[in-house]
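The block underneath contains the structure these notes are about, expressed in structure tokens.
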Amino acid sequence: MKIKVIAVGKIKEKYTKDAVNEYLKRLSAYCSMNLVEIPAQEIKDDSQYEKYKNIEGEKILQNIRPESYVISLEIAGEQFSSENFAEKIKDISNLGYNELIFVIGGANGLSAEVSGRADLKLSFSKMTFTHQFARLFLYEQIYRAFKINSGESYHR
């Protein structure tokens with residue numbers, strides 16, 4: 001399965017980059033991972049955040065093919081246990097999708113168009129996390145899902 005993560009912004013801290021790279025290395029045994037980083041719009045005027053969100057949204061949508069299954073990370077999305085998340089990934093694969101795309105918004109959130117394009121809205125928590133941590137949590141949960149689906153011992 002091909003998995004693409006579209007994320008607004010870059011990871012700046014070395015410790016987060018190192019952790020993400022560790023999971024990317026581990027995931028290479030299970031799937032093809034691709035990352036598309038969308039530059040975060042510099043917020044020059046807080047009253048214009050919707051405009052900035054829409055600019056980011058247009059760039060996100062340019063990286064989504066019509067036949068891809070899209071999961072957006074949103075605070076109001078559906079929450080899963082790790083086992084249920086693994087089952088969801090298996091179901092998506094079994095439905096014949098060959099590309100699964102996860103979308104992580106930036107500080108402005110996701111545009112209505114991106115949210116509307118999502119086949120599933122996923123929430124890790126009702127809490128807000130930095131996009132760097134959301135990316136790390138996502139990679140770890142994808143890795144955990146593959147381990148669960150393979151019957152391997154990582155998950156407890």
Side-chain angles (χ1 to χ4, degrees), residues 1-40 56-57 59-156:
M1 173 179 266
K2 294 178 189 173
I3 297 179
K4 182 190 295 184
V5 174
I6 303 173
V8 175
K10 293 189 174 287
I11 294 179
K12 297 173 187 141
E13 298 85 7
K14 183 183 181 321
Y15 64 90
T16 309
K17 282 182 190 177
D18 290 345
V20 165
N21 287 334
E22 176 62 28
Y23 283 107
L24 287 172
K25 184 174 79 175
R26 292 179 186 191
L27 279 162
S28 67
Y30 299 97
C31 64
S32 167
M33 292 289 299
N34 184 24
L35 170 66
V36 175
E37 290 181 321
I38 304 296
E56 292 170 351
K59 292 177 182 177
I60 290 168
L61 291 170
Q62 290 171 1
N63 287 281
I64 297 174
R65 296 188 337 224
E67 66 274 10
S68 298
Y69 191 95
V70 178
I71 299 176
S72 60
L73 273 65
E74 302 187 32
I75 203 163
E78 187 175 346
Q79 294 183 5
F80 292 89
S81 68
S82 293
E83 296 84 2
N84 290 347
F85 181 65
E87 187 68 29
K88 186 66 176 176
I89 287 178
K90 186 177 3 173
D91 290 347
I92 292 165
S93 178
N94 289 340
L95 288 171
Y97 289 96
N98 65 356
E99 184 177 58
L100 172 57
I101 298 177
F102 290 92
V103 179
I104 304 171
N108 300 318
L110 293 173
S111 69
E113 290 80 12
V114 172
S115 182
R117 171 58 182 90
D119 298 293
L120 173 68
K121 295 166 182 55
L122 173 67
S123 173
F124 288 142
S125 169
K126 293 189 185 297
M127 294 179 171
T128 302
F129 299 109
T130 65
H131 74 273
Q132 292 97 337
F133 283 147
R135 198 182 309 184
L136 175 58
F137 297 156
L138 176 62
Y139 286 136
E140 193 281 334
Q141 285 300 304
I142 294 170
Y143 176 69
R144 184 177 296 271
F146 278 104
K147 296 294 271 186
I148 291 168
N149 288 339
S150 297
E152 297 177 30
S153 64
Y154 176 78
H155 179 70
R156 300 210 192 286

Discussion item. Please give me the minimum heavy-atom distance between K126 and Q79, naming the atom from each residue.
Written reply: N-NE2, 3.6 Å
Worksheet item: So does K121 pair up with D119, basic N to acidic O under 4.0 Å?
Response: no
Worksheet item: To the nearest 0.5 Å, how far apart are CD1 in I148 and CD in E83?
Response: 5.0 Å
Worksheet item: Going through the checks in order, is the side chain to side chain contact (heavy atoms under 4.5 Å, CB included) test met by E113 and L61?
Response: CA-CA 8 Å; E113 290 80 12; L61 291 170; 3.8 Å; yes
Response to the item:
Taking every heavy atom of V8 against every heavy atom of A40, the minimum-distance pair comes out as CG1-CA, 3.8 Å
Discussion item. Any non-hydrogen side-chain atom of M33 less than 4.5 Å from a side-chain atom of Y23?
Written reply: no
Worksheet item: Do M1 and I92 have side-chain heavy atoms sitting under 4.5 Å apart?
Response: yes
Discussion item. Within this structure, what is the CD1-CG distance for the pair I6 and N34, rounded to the nearest 0.5 Å?
Written reply: 9.0 Å
Item to complete: Anything under 30° is parallel, anything over 60° is perpendicular, the rest tilted; go ahead and classify F85 against F102.
Response: tilted
Practice prompt. Taking the side chain as every heavy atom from C-beta outward, state whether N21 and K25 have any atom pair closer than 4.5 Å.
Written response: no
Worksheet item: Hey, are the side chains of I71 and L100 touching, using non-hydrogen atoms and a 4.5 Å cut-off?
Response: yes
Practice prompt. Output yes when a side-chain donor or acceptor of R117 lies under 3.5 Å from a complementary backbone atom of P66, and no otherwise.
Written response: yes
Worksheet item: Does the pair I3 and S32 meet the rule for a side chain to side chain contact (heavy atoms under 4.5 Å, CB included), with working shown?
Response: CA-CA 6 Å; I3 297 179; S32 167; over 6 Å; no
Worksheet item: Would you find more than 12 non-hydrogen atoms of other residues, nucleotides or ligands less than 6.0 Å from F133 atom CZ?
Response: no
Discussion item. For K90 versus N149, what's the shortest heavy-atom pair and its separation?
Written reply: CE-OD1, 3.7 Å
Response to the item:
Closest heavy-atom pair, K12 versus Q132, reported as atoms and distance to 0.1 Å, is N-NE2, 4.3 Å
Worksheet entry | Value rounded to 0.5 Å, distance of CG in D18 from OH in Y15 | 11.0 Å
Discussion item. Less than 4.0 angstrom from a charged side-chain N to a carboxylate O is my criterion; do E99 and K2 meet it?
Written reply: no
Discussion item. Side chains of E152 and Y30 only: does a donor on one sit below 3.5 Å from an acceptor on the other?
Written reply: yes
Item to complete: Report yes or no: does S150 contribute a side-chain atom to a donor-acceptor pair with the main-chain N or O of K147 at less than 3.5 Å?
Response: no
Discussion item. Less than 4.0 angstrom from a charged side-chain N to a carboxylate O is my criterion; do E140 and R135 meet it?
Written reply: no
Worksheet item: How many angstroms lie between SG in C31 and OH in Y143, if you round to the nearest 0.5 Å?
Response: 11.5 Å
Response to the item:
Between I75 and S123 the two heavy atoms that sit nearest each other are O-OG, 3.2 Å
Worksheet item: Under 3.5 Å, side chain of S72 to main-chain N/O of E74, donor-acceptor pair present?
Response: no
Worksheet entry | Short N-O contact, E56 and K59, less than 4.0 angstrom | no
Response to the item:
Distance col, row L73:CG vs L122:CG, nearest 0.5 angstrom, shows 5.0 Å
Worksheet item: Should E22 and R26 count as an ion pair when the cut-off is N to O under 4.0 Å?
Response: yes
Worksheet item: Pick from N63, V5, I101, V103: which one makes a side chain to side chain contact (heavy atoms under 4.5 Å, CB included) with V36?
Response: N63
Worksheet entry | Side-chain heavy atoms of L110 within contact of I60, under 4.5 Å | yes
Item to complete: Please report the C-alpha distance between Q141 and S82 in whole Å, then the side-chain angles of each, then the deciding distance to 0.1 Å, and finally whether the side-chain hydrogen bond (donor to acceptor under 3.5 Å, both in side chains) criterion is met.
Response: CA-CA 7 Å; Q141 285 300 304; S82 293; 2.8 Å; yes
Worksheet item: Could you go step by step and tell me if F124 and L138 meet the side chain to side chain contact (heavy atoms under 4.5 Å, CB included) rule?
Response: CA-CA 9 Å; F124 288 142; L138 176 62; 4.0 Å; yes
Worksheet item: Where do G57 and S111 come nearest, in terms of heavy atoms and distance?
Response: CA-OG, 3.6 Å
Discussion item. Using the ring centroid of each side chain, check whether Y69 and Y97 are separated by less than 6.0 Å.
Written reply: yes
Worksheet entry | Sidechain-backbone polar pair: N84 side chain, F80 backbone, donor-acceptor under 3.5 Å | no
Fill in: Partners passing ring pair (Phe, Tyr, Trp, His ring centres under 6.0 Å) against F137 (at least two apart in sequence or in another chain)
F129
